[in-house]
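Scroll down for the structure; my scribbles are underneath it.
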Amino acid sequence: MEQLNELELLMEKSFWEEAELPAELFQKKVVASFPRTVLSTGMDNRYLVLAVNTVQNKEGNCEKRLVITASQSLENKELCILRNDWCSVPVEPGDIIHLEGDCTSDTWIIDKDFGYLILYPDMLISGTSIASSIRCMRRAVLSETFRSSDPATRQMLIGTVLHEVFQKAINNSFAPEKLQELAFQTIQEIRHLKEMYRLNLSQDEIKQEVEDYLPSFCKWAGDFMHKNTSTDFPQMQLSLAVEQQMDCSSVPIVMLPKIEEETQHLKQTHLEYFSLWCLMLTLESQSKDNKKNHQNIWLMPASEMEKSGSCIGNLIRMEHVKIVCDGQYLHNFQCKHGAIPVTNLMAGDRVIVSGEERSLFALSRGYVKEINMTTVTCLLDRNLSVLPESTLFRLDQEEKNCDIDTPLGNLSKLMENTFVSKKLRDLIIDFREPQFISYLSSVLPHDAKDTVACILKGLNKPQRQAMKKVLLSKDYTLIVGMPGTGKTTTICTLVRILYACGFSVLLTSYTHSAVDNILLKLAKFKIGFLRLGQIQKVHPAIQQFTEQEICRSKSIKSLALLEELYNSQLIVATTCMGINHPIFSRKIFDFCIVDEASQISQPICLGPLFFSRRFVLVGDHQQLPPLVLNREARALGMSESLFKRLEQNKSAVVQLTVQYRMNSKIMSLSNKLTYEGKLECGSDKVANAVINLRHFKDVKLELEFYADYSDNPWLMGVFEPNNPVCFLNTDKVPAPEQVEKGGVSNVTEAKLIVFLTSIFVKAGCSPSDIGIIAPYRQQLKIINDLLARSIGMVEVNTVDKYQGRDKSIVLVSFVRSNKDGTVGELLKDWRRLNVAITRAKHKLILLGCVPSLNCYPPLEKLLNHLNSEKLIIDLPSREHESLCHILGDFQRE
DNA sequence: ACTCTGCTCAGAGGA
């Protein structure tokens with residue numbers, strides 16, 4: 001009762017004080033720091049701190065009194081009293097806390113004898129970071145931020161190996177012979193061999209040094225194991241040198257000379273580039289972080305999480321655990337109640353395995369190797385067969401690590417005082433004019449001339465120019481690959497030529513699939529290459545060339561064999577994020593080729609460039625730029641790719657203008673909208689190609705019967721093979737959009753699209769030749785649901801996803817249609833529109849509401865052109881309804 | 001106002 005009064009008193013007091021603080025500010029802090037925290041009581045309690053008061057209690061000691069709540073409405077307040085050392089916890093209003101201990105009459109008492117308070121319970125920080133912050137808070141933060149700045153050393157490798165041997169010995173034996181054996185085993189593991197390669201250390205050296213420590217392991221085991229030694233431990237002296245906390249965030253004066261010294265090789269422009277990108281990357285990672293909700297994995301039961309599709313619960317382990325090697329265990333799981341539920345989990349996804357029981361949280365992590373209706377096969381880093389067979393497991397998709405580490409690492413590397421970084425700074429930040437040599441004869445080895453000439457024969461003129469420019473370059477070349485101009489073939493040919501000349505090549509791209517597309521072509525020419533990266537992400541036909549597969553098949557256990565593998569290859573291929581591989585610490589390539597370069601953000605694109613003398617960026621800045629979520633970062637210029645930035649140096653640019661995809665009518669749209677007439681067809685065959693519909697005559701007859709085909713200009717506009725382009729205006733139908741939380745959609749457009757698709761299929765078009773494109777995911781969902789009833793196999797995807805690919809027939813649903821002139825972001829980008837209209841080879845059908853779309857400048861330009869060509873046709877009122885009947889009639893036959 | 005792909009991890013030692 002006394003406590004209750006105290007609470008009331010405190011609340012009264014503190015709330016009046018609190019009221020003077022702007023409530024908005026408090027709310028902002030809560031939303032910004034803890035966007036997804038669901039307040040609750042019980043085992044996983046999460047309290048919001050409303051007020052903090054430091055008071056003297058009756059004994060004259062200091063205590064902190066927190067007014068806290070676990071209810072979302074912020075009513076039902078409780079009191080938490082922190083005594084003794086707990087008083088120093090820097091808890092503030094707006095913080096989230098977890099409490100352990102007793103709560104009586106809505107009051108928690110946490111003191112030296114009982115209870116715990118955990119500040120920010122859903123934030124994960126490593127033990128190392130905490131420990132290092134004791135000496136210097138700034139250092140701890142910086143080394144968390146710039147993770148790659150701490151280079152690997154011999155001492156670290158020895159330390160890691162010794163730790164591992166020690167851990168193995170704990171489960172095994174500390175007998176000298178056994179330790180010897182374990183040590184020998186450990187230094188043969190591929191990951192340690194890779195580290196030795198990175199550090200240029202010999203296996204014997206490492207073995208010798210590791211062995212020197214083994215006797216002390218024996219001694220330790222003799223002294224401390226299997227004895228009751230609780231009182232025998234030597235007294236350890238703890239001495240802490242704690243850096244004085246600074247009042248302000250600025251740098252201490254004593255540091256200034258050091259900073260000056262470390263940055264004297266940098267110009268002002270370099271420092272500005274560095275801080276701008278740091279800022280943009282930080283903003284962007286905050287936007288990404290806000291979308292994550294990692295705490296669900298420990299706060300939400302599997303049955304709840306399953307609904308999101310990123311979790312599978314109630315799993316039991318089947319059969320034996322197959323030991324692939326140390327640290328890789330193949331597990332089979334099945335659902336206790338039968339089939340695997342509907343899930344987003346796919347082969348290659350990273351997962352965390354926990355027990356359904358809370359005490360078995362995060363037992364192991366690894367990859368999904370295979371998933372089907374009944375079984376999930378996972379490659380895990382721990383062997384779970386030590387647990388009882390009846391253990392129920394859950395599988396959670398690991399939250400994607402929104403990678404700020406790699407770009408920040410690359411950015412700081414760009415600032416280093418090395419030859420490579422200086423050259424890149426000159427070229428990239430200061431726009432130094434790229435240099436070229438004058439004569440091919442000085443780069444072409446004599447014996448390669450015939451081979452190169454022969455390869456060049458198969459190319460068109462701009463492609464040959466591109467090859468020549470690359471060979472002559474001393475710094476970089478930019479290849480603009482307009483839609484359908486055969487970028488992949490061009491890169492493949494370039495690699496063949498460089499290979500023939502004896503140059504070493506690093507081949508990278510943004511996505512795994514783009515890397516593999518080039519390699520699939522390359523494989524036909526018997527060019528040896530090494531594909532780096534997770535084997536599960538690699539195309540099956542390429543997997544035999546991955547490091548993991550080669551090491552397995554050749555059972556590589558010595559450094560000499562590994563070095564042989566790394567040195568025998570001229571071509572190394574990986575994604576531009578996969579540059580942490582040890583091979584890059586020892587090798588310098590003659591050329592680095594970056595595919596999809598216009599879609600990669602600058603600090604990511606930089607990564608592979610550090611390891612080559614010259615580079616080639618291939619892309620098209622008239623297509624989609626790197627995606628940036630954060631509005632502020634976007635406004636600061638974060639979506640400018642390196643390709644776009646360097647494109648102003650025209651002397652380095654070659655344009656591939658001859659395209660083999662679109663017929664001339666389709667091509668002309670993009671020529672009008674973006675390329676100013678530069679695009680041309682590769683041949684008459686390409687220019688005149690039209691769709692071939694085997695059963696078109698029959699379908700036409702039926703349409704004549706049900707819908708007066710020849711009196712219906714819009715049907716002819718859509719279906720006649722000789723009309724490759726057609727815009728259907730839905731204004732009169734009408735077809736209004738729906739705006740929901742999940743995105744924008746348009747059911748009427750979806751129905752029309754599905755009708756048209758089914759007629760094309762009926763007329764003999766293979767569903768895999770048809771592509772349906774919409775700017776919004778929500779629209780894809782609706783179209784997919786409608787299609788599922790009739791035709792599968794038709795690929796429905798966003799504009800962004802269709803970049804780089806094509807289909808014979810493409811139907812585009814523009815979705816936006818409203819009277820109030822509301823305009824979305826997506827269609828404002830003319831590059832997105834350019835991609836959408838350049839995917840079709842033979843037939844392009846555009847569907848949308850003309851008056852609404854005219855509010856978007858890029859679309860207005862396109863529509864004006866289409867209008868002048870008489871390619872816009874109005875759909876009659878309520879047409880989608882009559883079409884449904886027609887479709888019904890068709891299907892009844 | 002809704003578009004997207006990458007990536008072990010934490011702590012191995014030194015100061």
Side-chain angles (χ1 to χ4, degrees), chain A residues 124-132 135-136 139 143-144 147-148 150-164 166-167 191-192 195 241 284 287-288 291 327-328 348-352 362 364-367 379 381 398-407 409 508-515 532-534 537 574-581 596 599-601 603-605 607 624-629 631 634 639 737 739-745 773-780 797-803 815-816 822-829 831-832 835-836:
Chain A
L124 287 173
I125 304 177
S126 77
T128 314
S129 294
I130 302 273
S132 71
R135 281 176 151 270
C136 173
R139 208 207 129 107
S143 60
E144 274 273 298
R147 301 188 123 271
S148 51
D150 231 7
T153 62
R154 172 205 185 94
Q155 289 82 348
M156 287 183 183
L157 175 57
I158 300 286
T160 310
V161 171
L162 286 173
H163 261 242
E164 220 162 279
F166 187 89
Q167 280 181 332
R191 60 180 191 282
H192 297 312
E195 267 326 285
E284 179 68 359
S287 283
K288 285 185 174 174
K291 293 177 87 181
Q328 287 190 31
D349 282 353
R350 294 184 59 174
V351 286
I352 295 175
S364 175
R365 65 204 302 164
Y367 284 92
L379 199 59
D381 63 353
E398 194 171 353
E399 283 278 336
K400 299 228 163 85
N401 169 28
C402 63
D403 202 351
I404 191 178
D405 296 348
T406 310
T508 72
S509 185
Y510 188 35
T511 60
H512 286 285
S513 65
V515 173
L532 304 178
Q534 264 303 322
K537 303 274 181 181
T574 182
T575 63
C576 52
M577 297 281 281
I579 45 150
N580 256 335
H581 193 279
E596 299 185 304
Q599 287 185 83
I600 312 175
S601 75
I604 299 282
C605 194
L624 285 162
L627 183 84
V628 177
L629 293 175
R631 176 187 283 276
R634 210 163 45 217
S639 60
E737 67 184 34
V739 183
E740 300 156 88
K741 211 178 169 200
V744 192
S745 61
I773 305 183
Y776 305 94
R777 289 230 146 257
Q778 187 64 24
Q779 179 72 347
L780 307 181
N797 240 325
T798 55
V799 185
D800 301 54
K801 281 267 199 180
Y802 256 107
Q803 179 149 328
V815 179
R816 295 318 298 237
T822 320
V823 150
E825 275 302 299
L826 291 192
L827 291 172
K828 278 192 208 158
D829 196 326
R831 292 166 293 196
R832 185 166 279 110
V835 172

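Chain A is the first sequence line, chain B the second, and so forth, proteins listed ahead of strands; every chain is numbered from 1. Note that this is a predicted model, so its numbers are computed, not measured.
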I want to check one thing: is the phosphate of [N], taken as OP1 and OP2, less than 4.0 Å away from some side-chain N or O of [X]?
| X | N | value |
| --- | --- | --- |
| A:K801 | B:dT5 | yes |
| A:R191 | B:dA12 | no |
| A:R350 | B:dG6 | no |
| A:R777 | B:dC4 | yes |

Checklist line | Candidates B:dA1, B:dC4, B:dG6 - which lies nearest the side chain of A:T575 | finding: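 Among B:dA1, B:dC4, B:dG6, the one nearest the side chain of A:T575 is B:dG6.
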Next item on the list: Consider the side chain of A:V744, meaning its heavy atoms from C-beta on, and name the nucleotide among B:dC4, B:dC2, B:dG6 that approaches it most closely.
Entry: B:dC2
Whole-Å distance between [N] [atom2] and [X] [atom1]?
| X | N | atom1 | atom2 | result |
| --- | --- | --- | --- | --- |
| A:Q779 | B:dC2 | CD | P | 13 Å |
| A:L627 | B:dA1 | CG | C1' | 14 Å |
| A:E825 | B:dC4 | CD | C1' | 16 Å |
| A:E144 | B:dG11 | CD | P | 10 Å |
| A:N797 | B:dT5 | CG | C1' | 14 Å |
| A:D800 | B:dT5 | CG | P | 9 Å |
| A:Q534 | B:dT8 | CD | P | 7 Å |
| A:L827 | B:dT3 | CG | P | 11 Å |

Margin query: Should the side chain of A:R832 and the base of B:dT3 be counted as holding a donor-acceptor pair, with the cut-off at 3.5 Å?
Written below: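 Yes, a donor-acceptor pair under 3.5 Å.
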Checklist line | side chain to side chain contact (heavy atoms under 4.5 Å, CB included) against A:R777, all qualifying residues, sequence neighbours excluded | finding: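 If we apply the side chain to side chain contact (heavy atoms under 4.5 Å, CB included) test to A:R777, skipping adjacent residues, the hits are A:L780, A:N797, A:T798, A:K801.
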Check: Where the side chain of A:Q599 meets the backbone of A:Y510, is there a donor-acceptor pair that is under 3.5 Å apart?
Finding: no
Once you round to the nearest 0.5 Å, how far does [atom1] of [X] lie from [atom2] of [Y]?
| X | Y | atom1 | atom2 | value |
| --- | --- | --- | --- | --- |
| A:R365 | A:L379 | CZ | CG | 13.5 Å |
| A:I600 | A:T508 | CD1 | OG1 | 6.0 Å |
| A:T574 | A:N580 | OG1 | CG | 10.0 Å |

Hey, what are the protein-to-nucleotides 13-15 of chain B N/O distances that come in under 3.5 Å?
residue	atom	partner	partner atom	Å
B:dG14	N2	A:R139	NH2	3.4

Check: How far does the C1' atom of B:dA12 sit from the matching atom of B:dT8, given to the nearest Å?
Finding: 15 Å
Next item on the list: Please work out if A:T406 contacts a base, only the sugar-phosphate, or nothing of the nucleic acid, heavy-atom cut-off 4.0 Å.
Entry: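 Nothing, no heavy atom under 4.0 Å.
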Margin query: Does A:G743 reach a base, just sugar-phosphate, or nothing at all? Heavy atoms under 4.0 Å.
Written below: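 Since no nucleic acid heavy atom lies under 4.0 Å of A:G743, the category is nothing.
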Note to self: Taking Watson-Crick (N1-N3 plus N6-O4 or O6-N4) and G-U wobble (N1-O2, O6-N3), each under 3.5 Å, can you produce the dot-bracket string of DNA chain B? Use [ ] for crossing pairs and | for inter-strand ones.
What the structure shows: ...............
